[in-house]
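Have a look at the structure below, then the notes.
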Amino acid sequence: MVCFEADIDLDATFGCGQCFRWLRLAHGGWSGVAHGRELTVRRDGPLLLLEGAGEDERGLWQEYFDLGRDYGAVRALLAGDTVFAKAAAFAPGMRLLRQESWEALCSFILSQNNNIPRIRGIIERLCENFGERLAGGGYAFPTAHRLACISEKELAPLRCGFRAGYIADAARKVDSGEVDLSLAARMPLDEARALLQKIHGVGPKVAECTLLFGCGRVECFPVDVWIRRAMACYFPQGLPGRFEPVGGIAQQLLFHYVRCCPDAAHEEALAPFRRTGKARSAGLQKPTAAKAGSAPA
DNA sequence: AGCCAGGACAAGT
DNA sequence: ACTTGTCATGGC
């Protein structure tokens, strides 16, 4: 058991869409696998409790949960803007997780033209089929080497569709050293982007997600359909320059906010795209052209 | 039932 | 440089 004093909201942190392998437990805790270790996490007052972690792993988890960063300062900066102030207030304890780079790369390759529940399922099958079995019944995320050693056809049980070839190419290039992810964490950003995009199936958005969530590059700002909509609605001129150094945090707060928080300021523009809620059917209602004679089931 | 999903690619203008 | 169709699968 490892214990930190930390201001972190687990529901927001694990549930905001940045990670795919954490599961919420009935009592409010979360369980998952990271760095090849099974972990159950829960809050107790001001404390963050990591069950299943050894004291010798303290530094590892401190980094994973980004506990060294002064989120108070980040939030103070963002509070100067009306929109980000609301987004930050919606998820007061959300933190970026510093995930493993290879896992982040695979996860966001699989995320393209896909929805979050199905992404989770594909990653679960990926780990069950090719990850190391752990003592508690879970599975580690498979290594690039393991995936480089199998044929693309063997990825069929994942049912990840056209993305199988992308995973295969990523595994090959990472395993061979052609794409060095530890290097991508240190290189100049534009070089790191170009390096990742050498992988077939990695474009600007997946590269940006890999750098942000997997390489600790907090200035990265992935633009997906939701962020595109949100930016068009709130920041048609682009992200204000003073937020760029923490663009990744701003991005994740905004992503979570516009997807999950109904707000009059963006409701009309964004509600039609939300999966949950009746706003969708109301917003996309077709002009009910009931043709005479046709018998609707 | 049918639309669309935390995009990228290839082939068109 | 920008636009468009296509990709495989399944949540909702």
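Naming: A, B, ... by sequence-line order, numbering from 1 per chain.
- Taking atom CD1 of residue A:I227 and atom C1' of nucleotide B:dA5, one finds them 16 Å apart after rounding to whole Å.
- Atom CD1 in A:I109 sits about 18 Å away from atom C1' in C:dT9, given to the nearest Å.
- A donor-acceptor contact under 3.5 Å is not formed by the side chain of A:R159 with the base of C:dT9.
- Classified by interplanar angle (parallel below 30°, tilted 30° to 60°, perpendicular above 60°), the ring pair A:H266/A:Y234 is perpendicular.
- Using cut-offs of 30° and 60° for the angle between ring planes, the A:F108 and A:F20 rings count as perpendicular.
- Taking atom CG of A:N115 as the reference point, atom C1' of C:dC12 lies 8 Å away to the nearest angstrom.
- The separation between A:L158 atom CG and C:dT9 atom P is 11 Å, rounded to whole Å.
- Each of A:L77, A:L253, A:L96 was checked for a side-chain contact (heavy atoms from CB on, under 4.5 Å) with A:V246, and the lone residue meeting it is A:L77.
- The separation between A:K153 atom NZ and C:dA8 atom C1' is 18 Å, rounded to whole Å.
- Stacking of A:R125 on the aromatic ring of A:Y139 is not recorded, the 6.0 Å distance cut-off and the 45° axial limit not both being met.
- The CD1-P distance, from A:I167 to C:dT9, rounds to 15 Å in whole Å.
- Nucleotides C:dA8 and B:dA10 are separated by 14 Å at their P atoms, to the nearest Å.
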**OP:** Determine, for nucleotides 7-13 of chain B in 5'-to-3' order, which nucleotides have protein heavy atoms under 4.0 Å from the base (write B), from only the sugar-phosphate (write S), or from neither (write -).
**Re:** BSSS---
Original post:
Would A:E191 and A:R186 satisfy salt bridge (charged side-chain N to carboxylate O under 4.0 Å, His left out), going step by step from the backbone distance to the final call?
Top reply: CA-CA 10 Å; A:E191 291 179 32; A:R186 309 190 300 265; over 6 Å; no
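- If you check every strand for non-hydrogen atoms under 4.0 Å, A:R228 touches nothing.
- Between the C1' atom of C:dT9 and the CD1 atom of A:I116 lies a distance of 17 Å, rounded to the nearest Å.
- Atom CZ of A:R125 is separated from atom C1' of C:dA8 by 12 Å (rounded to the nearest Å).
- Nucleotides B:dA1 and C:dC7 have their P atoms positioned 24 Å apart, rounded to a whole Å.
- Cluster note: A:L134 groups with A:V33 through ILVMFWY side-chain heavy atoms spaced under 4.5 Å, whether in direct contact or through intervening members.
- Note: A:W61 and A:F65 have tilted aromatic rings, judged against thresholds of 30 and 60 degrees for the angle between ring planes.
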